Amino acid sequence: MTERALPLVMGVVNVTPDSFSDGGRWFDAEAAIAHGVELVAQGADLVDVGGESTRPGAARVEPEEELRRVVPVIRELAGRGIRVSVDTMRAATAAAAVEAGAEIINDVSAGLADEAMAEIAAATGARYVAMHWRGHSDRMDALAEYADVAREVRDELSARVDALVAAGVAADRLILDPGLGFAKRGEQNWELLARLDELQALGFPVLVGASRKRFLGAMLPEGAPVEERDLPTAVVSALSAEAGAWAVRVHDVVATRRALDVVGAWQSGRRG
Ligand code: PMM
């Protein structure tokens, strides 16, 4: 049995007033910074700072407002030695975030939302998460049509890799993400998770972002609070570890850390 490294835990810091998953509780630089520090204390390996909600149906945030939200938070967290990614689809925000200390650009559109992104990603030399995306949140539910979801997500991401590399992004800086919930219905998310190996076959690290998403809420009793999605999220983290994911992006770091501790103990049992 081969020993595999456990995935990194990426803790979510949303600096937004309208995120579905934490109700905008961290819409304030100081609160966001404190939350990022707390997530690291709980065992996050890096924190993902975003200033624009991508919840289904969400409207876009003005570029200046997005910058105003994320840059001070990133500067402070990175200044404290915390590894930071910036969750943005905008090249200008990505550039400012890297200048402020972010080491990863997490672009849920894989460069499709802003044609300047690939060039900026190349120029910064930052690592770059290319997530599978078909369109903005106000219309993504209508775009969830696939004959074979795992094959199409892999092929569409592979095309993005080609475009990014052609624009100068080094292949060894790339991380891929199946984009759970983005133009995907419940059963399509499960199929993508079950067939994660097909995405990994492209040869890049894979990030899994299932945390608190609708398809997990659908397993719970009607009206269950969003925090109840943290247990199913942690189980997805454990299974993602077994599937060889590079990182998991989660809101509740404690639960995922515990789940990964269990996976680690199980794996060490295999070694005897
Ligand atoms: N999901 C959300 C936001 N950013 N980034 C990546 N790479 N993968 C994801 O699945 C993803 C993401 C959804 O919004 P949230 O921040 O409210 O969870």
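It should be emphasised that the depicted structure is a prediction, and the values quoted were computed from it without experimental measurement. One-based numbering, in listed order, for ligands and for the atoms of each.
The N/O atoms of Asn106, backbone and side chain alike, include one that comes under 3.5 Å of an N/O atom in ligand 1. Where the criterion is an N or O separation shorter than 3.5 Å, residue side chain and backbone included, Gly209 meets it with respect to ligand 1. Between Asp48 and ligand 1, no N or O atom pair is found at a separation short of 3.5 Å.
Residue contact check for ligand 1: Arg212 places no non-hydrogen atom closer than 4.0 Å to it.
Below 4.0 Å from some heavy atom of Val108 lie the following atoms of ligand 1, by number and element: 4 (N), 5 (N), 12 (C). Listed by atom number, the atoms of ligand 1 under 4.0 Å from Leu207 heavy atoms are 7 (N). Listed by number with element, the atoms of ligand 1 under 4.0 Å from a non-hydrogen atom of Asp177 are 6 (C), 7 (N), 8 (N), 9 (C). Near Phe182, meaning under 4.0 Å from one of its heavy atoms, ligand 1 places the atoms 1 (N), 2 (C), 11 (C). For ligand 1 and Asp87, the ligand atoms under 4.0 Å from any heavy atom of the residue are 3 (C), 4 (N), 12 (C).
With hydrogens and angles left out, the side-chain atoms of Thr88 and Glu66 include a donor and acceptor closer than 3.5 Å. If you check the side chains of Thr16 and Asn14, you find no donor sitting under 3.5 Å from an acceptor. Between the side chains of Ser85 and Asn106, no donor-acceptor pair is found at a separation under 3.5 Å.
Taking each of Val13, Val226, Thr54, Val129 in turn, the one with a heavy atom nearest to atom 14 (O) of ligand 1 proves to be Thr54. The nearest non-hydrogen atom to atom 10 (O) of ligand 1, considering only Met131, Arg249, Lys213, Met10, comes from Lys213.
Here the shortest heavy-atom pairing between Ala78 and Val84 reads N-CG2, 4.0 Å. Of all heavy-atom pairs between Thr256 and Ala234, the closest is OG1-CA, 3.9 Å. Listed here is the closest heavy atom pair of Ser237 and Val248: OG-CG2, 3.9 Å.
When Arg214, Arg185, Lys184 are each tested for a salt bridge (Lys or Arg N to Asp or Glu O under 4.0 Å) with Asp141, only one passes: Arg214.
In this structure the side chain of His136 reaches within 4.5 angstrom of the side chain of Arg60, judged on heavy atoms.
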